[in-house]
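Just so it is clear, the model here is predicted, and its values are computed rather than measured. Here is the naming used below: chain letters follow the sequence lines, and residue numbers restart at 1 for every chain.
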Number of protein chains: 2
Amino acid sequence: MDSSKITERGRLTRQRIIEATGEQILASGIGGTTLDTVRAATLTSKSQLFHYFPGGKAELVREVAAWEGRQLLEAQEPEIHDLGSWESWERWRRMLVEYYIARGRWACPIGSLATQAATTDSELASAIATTMRDWREQLADGVRRMKAAGSVDSSADSQRIATVILAAIQGGLVLSQPERSAWPLEAALDNALAPLHHVATTR
Amino acid sequence: MDSSKITERGRLTRQRIIEATGEQILASGIGGTTLDTVRAATLTSKSQLFHYFPGGKAELVREVAAWEGRQLLEAQEPEIHDLGSWESWERWRRMLVEYYIARGRWACPIGSLATQAATTDSELASAIATTMRDWREQLADGVRRMKAAGSVDSSADSQRIATVILAAIQGGLVLSQPERSAWPLEAALDNALAPLHHVATTR
DNA sequence: TCGTGATTGGACTTCATGGTCCATTCTTAG
DNA sequence: CTAAGAATGGACCATGAAGTCCAATCACGA
């Protein structure tokens, strides 16, 4: 990460490589993504790939994971920092489904990376786990705000609810993929959010 | 699958290859599993691999997927064919978690294959999708039995509930993996089963 | 016993892919 | 204007993994 010796032009090239690699990984998996196809897609040369990512493919993939993680969390702004009311949760839910639909493929850039990386690259796996934890923490904060607002019973376990919601997203996407439809994702997500809604409306 | 020209000895060898490959895939993914490592683990030779799986690695992986799918459904017997009462669901839940714990790794042989295969081998992907559909259908049958028994409101959507449960399993495992614990899986699963329990007890 | 076909062993070939290297061009500070 | 260093091009190398091939061995029925 020594960005001192990099020009604006170089930074753009580097970013172009990361994004193209991310798209290819989402489309064909890590194994199905080769440096040659990345090179072709970005109109760069081998030397550039190793110039910007001295660690080779492994480092490139890690950078992709970091970038995708940031993108994913940013896509949930600003709602993810609210989630203090049922309406906010509903907006968040809509934005998230929108995000996945926009990507075209029914896969979470982080979730599918997690499955693929768990076995091969432990460093990558832990980086992804960190993103997951951040994400879960932000959702748990939202649940806490609901509790503070009295919209959710104070005995509720924020961490647990956040985990259930995240699991619903990941699992919903697994089932949405072959179905080529958002409905499994939406069904799973709605069911996971039910505790929030339910308590909020029946009180 | 012309089994006419295969002896018992050959059948055993073939099966040994399938099981060893399955273990390696679960541990290292499809890409991390090579014919050489399979050969080493099974004390066989290259020619045997191609003798029993003329289609090469692709065919071998498909056979593994089919076998793992059968194993997974069998592991849920006999409860999966009952599920007509809350007690049966509870037994089924316990058996399923037990199955994943016993495998050591927090991954579903079918779910993780689905993620990896979706992109590379469309034939494999559709075979896996079929297993998923079977599974979901059996769960949906269970929900229908609950409805028939009056334990679940007749307006409930069996398919939807089954999908939500499956998503909870898959997503729960994604989160259990980095956590190295069953609790995310159990939390997600329990939340997905809540509708069945809830209605059953509050009536 | 004998022979046919299944089974097995393992060397060899081919090819994709990650990675190295050096020459060339571009950019910018002084 | 010019030199230093960043950026780029692309040939080349090394390796690992899939797949081929032929010879050797085993097992069972006639």
Option from Leu72(A), Thr115(A), Leu113(A), Leu185(A) for which side-chain contact (heavy atoms from CB on, under 4.5 Å) with Cys108(A) holds = Leu72(A)

The side-chain hydrogen bond (donor to acceptor under 3.5 Å, both in side chains) partners of Asp190(A) (sequence neighbours excluded) come to Arg93(A)

Residues within residues 112-123 of chain A bordering DNA chain D, heavy-atom distance below 4.0 Å | none

Mind listing the residues from residues 20-37 of chain A sitting with a heavy atom below 4.0 Å of DNA chain D? Number order is fine.
-> none

Is there a side-chain contact between [X] and the phosphate of [N], meaning an N or O under 4.0 Å from OP1 or OP2?
{"X": "Gln48(B)", "N": "dT8(C)", "answer": "yes"}
{"X": "Tyr52(B)", "N": "dA6(C)", "answer": "no"}
{"X": "Thr44(B)", "N": "dG9(C)", "answer": "no"}

What is the distance from CD of Glu8(B) to C1' of dT7(C), rounded to the nearest Å?
-> 14 Å

Grab the NE2-P distance between His51(B) and dG5(C) for me, whole Å please.
-> 13 Å

Pairs involving residues 88-134 of chain A, ordered by first then second residue, that meet ring-ring contact (aromatic ring centres under 6.0 Å, His included) (sequence neighbours left out) | Trp89(A)-Trp92(A)

Of Ser45(A) and Ala58(B), the one whose closest nucleotide on DNA chain D sits nearer the 5' end is Ser45(A)

What does Phe53(A) touch in the nucleic acid at a heavy-atom separation under 4.0 angstrom: a base, only the sugar-phosphate, or nothing?
-> nothing

Nucleotide by nucleotide, 5' to 3', does protein get under 4.0 Å of the base (B), only the sugar-phosphate (S), or neither (-) in nucleotides 21-27 of chain D, counting heavy atoms?
-> B----SS

Could you write out each protein N or O paired with an N or O of nucleotides 28-30 of chain D at a distance under 3.5 Å?
none

Closest to the Lys57(A) side chain: dG9(D), dG19(C), dG19(D)?
-> dG19(C)

